[in-house]
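Take a look at the structure set out below.
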Amino acid sequence: MKPKPQRLAALRSRARSTGVACAVLAAVVPAVTLGFGVTPASAAPLPGGLGPCVPGDCPDPFPGINNGPIAGRDNGINIFVGNDFLVRGRAAEAEGRVVVLDDFDQNKDADASALYNLGVAGVGSRVPPPNGADSLTTGGDVTIADGQRLDTTGGLPDEQGIVRYAGDQTGTLIGTPVQDPNAIAQYAGLRDELTAASQCYARPDGSLRTPTGTAVNEGFQTRFTGDGTSALQVFNVDFDMTNATGGQQAVLFENIPDNATILVNVIGADRTINTSSGGIDDSTDPLNAYRERLMWNFPDATTVDLTGSGQFQGSFLMGEQSSMTTVSLPGVNGRFFTTGSVTHTSPEGGGGGQEFHSYPFNGDLPDCGGPQPVTGQVSVLKKDSDTGDPLAGADFELWRETNGVDGLQTTGTDPDTRVSDCTTPADGICSETTALGTYYWRETAAPDGYDLPDPNVFGPLVLTEDNAEAGVRVEASNTPSDVPPVTGEVSVLKKDSETGDPLAGADFELWRETNGVDGLQTTGINPDTQVTDCTTPASGICSETTDTGTYYWRETAAPDGYDLPDPNVFGPLVLTEDNAQDGVQVEAANTQTVIPRTNGLVSVLKKDADTGAPLAGADFELWKESNGVNGLQTTGINPDTKVTDCTTPTSGICEQLTLLGTYYWRETAAPDGYDLPDPNVFGPLVLTEDNAEDGVRVEAANTKTPVPPVKGSITLDKTDSKNGEPLPGAVFELWRETNDVPGLQTTGANPDTLADAGCSTDSAGVCTFDDLPLGEYYLREIAVPEGYVLPANPVSGPFEVTEANSSQGVHVELSNKRGEPCKGKSCKDRSHQGARA
């Protein structure tokens with residue numbers, strides 16, 4: 001969709017004519033609209049006070065990403081778009097207040113969910129805008145494609161989900177449409193201020209702001225290293241945050257002081273962030289810790305692509321007014337301010353469910369000048385004219401004097417500007433914190449049993465710098481009606497279809513039969529009359545005390561986790577004078593919606609290959625398939641993405657709760673005493689919506705490392721039997737006991753086993769037999785030294801080689817006697833025995 005320069009120029013002209021020029025924007029724009037927060041005097045906020053949560057019901061701290069109960073209310077702008085906001089692909093929702101200076105256009109893929117939630121999101125911080133404040137404000141058209149729905153109610157009690165637009169509204173809107181030609185007059189100057197701020201943050205004097213740290217693209221990640229001391233950590237990035245092939249990478253911050261603000265200036269005309277960083281659980285990704293003090297500033301880019309698989313953290317500022325930012329990340333968690341256009345979509349051919357989540361920016365940015373707004377409270381007190389008691393149930397509109405004509409003008413070609421709507425609560429007071437100026441309260445409906453006053457406009461109330469702190473108030477009295485009508489209670493009880501338990505969070509409309517046609521008609525030239533809206537509380541009951549007549553309850557949104565019934569109209573309920581005291585009620589049942597899971601457990605079980613017993617001490621890495629190449633790649637220019645490391649405990653199980661996708665376990669070190677398997681990669685494990693509840697697991701077995709058998713030795717000391725001197729040259733055979741017959745058998749059918757055919761004692765009289773298996777052995781002397789005689793029994797033993805003596809060996813001492821008659825002298829008839837050296 002092309003920008004509409006003429007319309008934008010007209011809007012800016014209108015803004016200047018009503019005092020909302022760029023230079024004085026902060027002094028005139030209502031604080032509840034732009035997001036003014038209370039900041040220390042030393043802080044420098046974004047233009048218009050954008051960034052912090054706007055009271056009054058800000059949670060502290062903001063919760064992590066969740067789908068639990070509403071955690072608070074934030075009246076600050078979460079998304080500001082200077083041109084068009086386009087919803088495409090399979091994008092799911094935008095949480096928080098959204099302001100668009102031109103058109104909001106929803107035209108999603110035909111095969112995607114037809115719903116886009118705005119204001120109140122099913123998953124996010126769960127901090128929507130206040131009830132009664134605008135969820136969506138546009139200076140152009142709100143266009144919703146045929147068959148699709150834009151829901152701004154979120155199923156909250158009495159939620160109005162207001163959509164205010166200056167142009168036309170077409171398509172199915174679940175919420176409260178308000179056509180207002182001055183819808184964005186108070187915001188138009190903000191666009192130029194954001195552009196100026198973006199340039200100032202990046203180039204305060206025309207050259208790049210001096211960084212306090214370094215940003216280095218390391219391929220698999222971009223590492224930001226701070227100086228460890230500065231309260232404002234500044235980084236300048238002149239490259240895409242992608243890996244070498246354009247694929248995704250991680251983002252890492254180091255050496256950042258606690259509570260420091262991080263400003264990242266991303267320089268260049270065409271920039272991409274493709275990242276896996278940021279998690280659903282704040283405890284699983286360190287990037288989440290910087291969320292509310294991290295600003296990504298794009299001062300130059302005309303094209304920005306934010307993509308990848310991460311729940312990315314931090315706020316964004318796009319200062320180039322001709323820019324188009326395409327957001328296909330699963331989640332952006334922080335403020336999003338663009339002076340150009342934005343396309344919220346899904347990756348081509350990829351999954352859906354992309355979301356903006358509402359989180360404040362609480363950082364202290366460089367001081368770029370500009371006055372801070374002065375605001376005050378404008379209120380009305382509704383009272384009973386006779387008793388002076390406060391009255392609940394009076395409907396008021398607050399209008400700002402903007403057309404230069406005395407008094408209030410609500411119609412015509414140039415009406416004054418309507419600021420907000422309010423119904424008086426029990427204290428009878430409607431109030432609005434807004435900018436200096438002249439205001440009127442207009443009562444549009446009196447409390448039940450009271451007449452609408454004539455005139456019904458109260459004011460002017462002039463809010464000035466002098467009275468802004470105290471505020472200004474007017475009193476409005478009502479007189480009781482002369483004849484109270486007969487009334488009774490018309491109610492609906494919302495229940496779980498299976499348990500019968502009451503259900504909170506169902507949105508209903510109560511309609512009165514007024515057109516004389518049977519059944520309920522909500523559209524056409526003569527519809528029935530809508531009486532009220534209601535969201536069921538914990539009791540499951542919506543009720544309205546009203547006049548007698550015929551009524552229908554129409555359910556417009558089911559409670560979270562339940563399907564809208566078909567048909568969704570319950571009635572007719574006929575309230576008569578006879579049953580008015582008891583009232584009439586109908587029951588409406590809902591069935592639970594099966595919600596697909598988005599994460600699950602990916603695990604590996606390490607076992608002994610022989611026994612199947614679990615093994616502790618195996619080191620694993622979990623990798624996610626991210627580079628589009630089959631199998632696991634852990635190195636190179638485009639590896640897959642490593643998720644975590646784990647060492648198996650006694651259960652033998654490593655597991656990780658993670659998002660849907662394809663995973664591999666890679667074993668890097670085996671338990672002690674076991675071999676590393678080959679291959680050492682286990683997978684792929686594909687985690688899908690169908691198996692996420694049970695998770696996916698693979699088994700990895702290890703075999704024990706072979707242990708060499710224990711062996712021993714026998715050492716023989718041969719000496720002269722007379723003087724003990726060592727005898728060299730004695731030759732021995734070594735036999736092993738193998739036939740289970742006591743003693744040594746060297747012949748026959750089943751002899752023992754010859755272990756060594758011969759060993760001759762050395763000069764020290766020593767002979768050693770090494771590397772012997774455990775068992776019993778015999779020494780058999782087969783030759784004696786010259787001049788000595790063979791013993792009568794040349795066999796000695798058995799000698800037992802055991803595990804206990806294997807380290808020191810078995811020591812055997814044997815001696816020989818001298819021979820006769822030579823007594824050691826040379827003898828011609830001596831027998832020469834062979835010996836083994």
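Heavy atoms only: backbone and side chains are in, while hydrogens, waters and symmetry mates are out.
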**OP:** Output yes when Arg126 and Asp560 qualify as a salt bridge under the 4.0 Å nitrogen-oxygen rule, no when they do not.
**Re:** yes
Subject >> Nearest-0.5 Å distance, OG1 of residue Thr326 to CG of residue Leu86 >> reply: 9.0 Å
**OP:** Using the disulfide bond (SG atoms under 2.5 Å apart) rule, collect all pairs that involve residues 58-99, keeping only residues at least two apart or in two chains.
**Re:** Cys53-Cys58
Original post:
Just checking, any donor-acceptor pair under 3.5 angstrom between side chains of Ser135 and Thr152?
Top reply: no
Subject >> Side chain proximity check, Glu254 to Phe224, heavy atoms < 4.5 angstrom >> reply: no
Subject >> From CG (Leu173) to CD (Gln169), nearest 0.5 Å >> reply: 5.0 Å
Original post:
Looking at residues at least two apart in the chain, or sitting in another chain, which of them share a ring pair (Phe, Tyr, Trp, His ring centres under 6.0 Å) with Tyr165?
Top reply: none
Subject >> Asp305 with Arg271: basic N within carboxylate O range, under 4.0 Å >> reply: no
**OP:** Scan Val686, Thr662, Asn691, Val604 and name whichever one has a side-chain contact (heavy atoms from CB on, under 4.5 Å) with Val696.
**Re:** Asn691
**OP:** First locate atom CZ of Arg97, then atom CG of Leu118, and finally report the distance between them rounded to the nearest 0.5 Å.
**Re:** 11.0 Å
Original post:
Looking at the rings of Phe80 and Phe337, which for Trp means the six-membered one, are their centres under 6.0 Å apart?
Top reply: no
**OP:** May I ask you to check whether Thr137 and Asp134 show a side-chain donor-acceptor distance below 3.5 Å?
**Re:** yes
**OP:** Could you walk me through whether Phe62 and Val127 pass the side-chain contact (heavy atoms from CB on, under 4.5 Å) test, one step at a time?
**Re:** CA-CA 8 Å; Phe62 265 59; Val127 184; 3.7 Å; yes
**OP:** Could you walk me through whether Asp103 and Thr143 pass side-chain contact (heavy atoms from CB on, under 4.5 Å), step by step?
**Re:** CA-CA 8 Å; Asp103 293 337; Thr143 304; over 6 Å; no
Subject >> Pairwise side-chain contact, Leu306 with Phe336, heavy-atom cut-off 4.5 Å (strictly under) >> reply: yes
Subject >> Rounded distance (nearest 0.5 Å) linking atom OG1 of Thr242 with atom CD1 of Ile273 >> reply: 10.5 Å
Original post:
Does Asp640 reach the main-chain N or O of Thr634 with its side chain, forming a donor-acceptor pair under 3.5 Å?
Top reply: no
Review item, side-chain donor-acceptor pairs of residues 346-356, under 3.5 Å, at least two apart:
| residue | atom | partner | partner atom | Å |
| --- | --- | --- | --- | --- |
| Ser346 | OG | Arg90 | N | 3.0 |
| Gln354 | NE2 | Gly351 | O | 3.2 |
| Glu355 | OE1 | His357 | NE2 | 2.4 |

Subject >> Pair Glu667-Trp665, side-chain donor/acceptor within less than 3.5 Å >> reply: no
Original post:
Looking at Arg164 and Ala183, what are the two nearest heavy atoms and their distance?
Top reply: CG-CB, 3.9 Å
**OP:** Please determine if Lys642 and Asp645 form a salt bridge, counting it only when a charged side-chain N lies under 4.0 Å from a carboxylate O.
**Re:** yes
Original post:
If you measure from the Lys or Arg side-chain nitrogens to the Asp or Glu carboxylate oxygens, is any gap between Asp105 and Arg88 under 4.0 Å?
Top reply: yes
Subject >> Nearest non-hydrogen partners of Ala202 and Ile267, listed with the distance >> reply: CB-CD1, 4.4 Å
Original post:
Between Phe316 and Phe298, how do the two ring planes meet: parallel, tilted or perpendicular, split at 30° and 60°?
Top reply: parallel
**OP:** For Thr339 and Met318, indicate whether the former's side chain and the latter's backbone hold a donor-acceptor pair under 3.5 Å.
**Re:** yes
Original post:
Are Val99 and Ile79 close enough that some pair of their side-chain heavy atoms sits under 4.5 Å apart?
Top reply: no
Original post:
Under 3.5 Å, is there a donor-acceptor pair between the side chain of Gln148 and the main chain of Thr172?
Top reply: no
**OP:** Describe, in one word, how the ring planes of Tyr116 and Phe104 are oriented to each other, choosing from parallel (under 30°), tilted (30 to 60°) and perpendicular (over 60°).
**Re:** tilted
Original post:
Between the side chains of Asp227 and Gln233, is a donor N or O closer than 3.5 angstrom to an acceptor N or O?
Top reply: yes
Subject >> Check ion pair Asp285-Arg291 (N to O, under 4.0 angstrom) >> reply: no
Subject >> Side chain to side chain, Met324 and Val304, heavy atoms closer than 4.5 Å >> reply: no
Original post:
Sub-3.5 Å donor-acceptor pair from the side chain of Asn117 to the main-chain atoms of Val120, do we have one?
Top reply: no
Original post:
When you measure from the side chain of Gln249 to the backbone N and O of Gly219, does any donor-acceptor pair fall under 3.5 Å?
Top reply: yes
Original post:
Can you name the closest pair of heavy atoms from Ala71 and Pro63 and give their distance?
Top reply: CB-CG, 3.7 Å
**OP:** Run the numbers on Thr345 and Val327 for side-chain contact (heavy atoms from CB on, under 4.5 Å), then give the verdict.
**Re:** CA-CA 6 Å; Thr345 185; Val327 180; over 6 Å; no
Original post:
So, Tyr663 side chain and Leu622 main chain: donor-acceptor pair closer than 3.5 Å or not?
Top reply: no
Original post:
Are any side-chain N or O atoms of Glu320 and backbone N or O atoms of Ser322, one a donor and one an acceptor, separated by less than 3.5 Å?
Top reply: yes
Subject >> Non-neighbouring partners of Phe361 that pass ring pair (Phe, Tyr, Trp, His ring centres under 6.0 Å), sequence neighbours left out >> reply: none
Subject >> Any donor-acceptor pair under 3.5 Å from Asn83 side chain to Gln321 backbone >> reply: yes
Subject >> Between Asn274 and Thr272: side-chain donor-acceptor atoms closer than 3.5 Å >> reply: no
Subject >> side-chain hydrogen bond (donor to acceptor under 3.5 Å, both in side chains) contacts in which one or both residues fall within residues 255-265, not counting sequence neighbours >> reply: Asn236-Asn265, Thr261-Arg293, Asn265-Asn297
Original post:
So, does Ser277 use its side chain to make a donor-acceptor pair with the main chain of Ala250 at under 3.5 Å?
Top reply: no
**OP:** With the side chain counted from C-beta on, respond yes when Gln221 and Val251 share a heavy-atom pair under 4.5 Å apart, and no when they do not.
**Re:** no
Subject >> 4.5 Å side-chain heavy-atom contact, Arg73 and Pro129 >> reply: no
**OP:** Please lay out, stage by stage, how Asp563 and Thr593 fare under the test side-chain hydrogen bond (donor to acceptor under 3.5 Å, both in side chains).
**Re:** CA-CA 5 Å; Asp563 292 329; Thr593 303; 2.4 Å; yes
Original post:
Without hydrogens or angle criteria, can the side chains of Asn638 and Asn243 be said to hold a donor-acceptor pair below 3.5 Å?
Top reply: yes
Original post:
Does some side-chain heavy atom of Leu50 sit less than 4.5 Å from a side-chain heavy atom of Leu194?
Top reply: yes
Original post:
Measuring from Asp74:CG to Glu95:CD, what's the distance to the nearest 0.5 Å?
Top reply: 9.5 Å
Original post:
Say you draw a straight line from CG of Asn288 to CG of Asp281; how long is it, rounded to the nearest 0.5 Å?
Top reply: 8.0 Å
Original post:
Can any side-chain N or O of Ser315 pair as donor or acceptor with the backbone N or O of Arg335 at less than 3.5 Å?
Top reply: yes
Original post:
Would you say the side-chain atoms of Asn333 and Gln311 include a donor-acceptor pair closer than 3.5 Å?
Top reply: yes
**OP:** Going by the side-chain contact (heavy atoms from CB on, under 4.5 Å) test, name the single residue among Leu687, Asp694, Leu657 that passes it with Leu601.
**Re:** Leu657
Subject >> Between Ser328 and Thr307: side-chain donor-acceptor atoms closer than 3.5 Å >> reply: yes
Original post:
How about Leu115 and Gln106: do any of their side-chain heavy atoms sit closer than 4.5 Å?
Top reply: no
Original post:
Can you list every ring-ring contact (aromatic ring centres under 6.0 Å, His included) pair that touches residues 257-284, not counting sequence neighbours?
Top reply: none
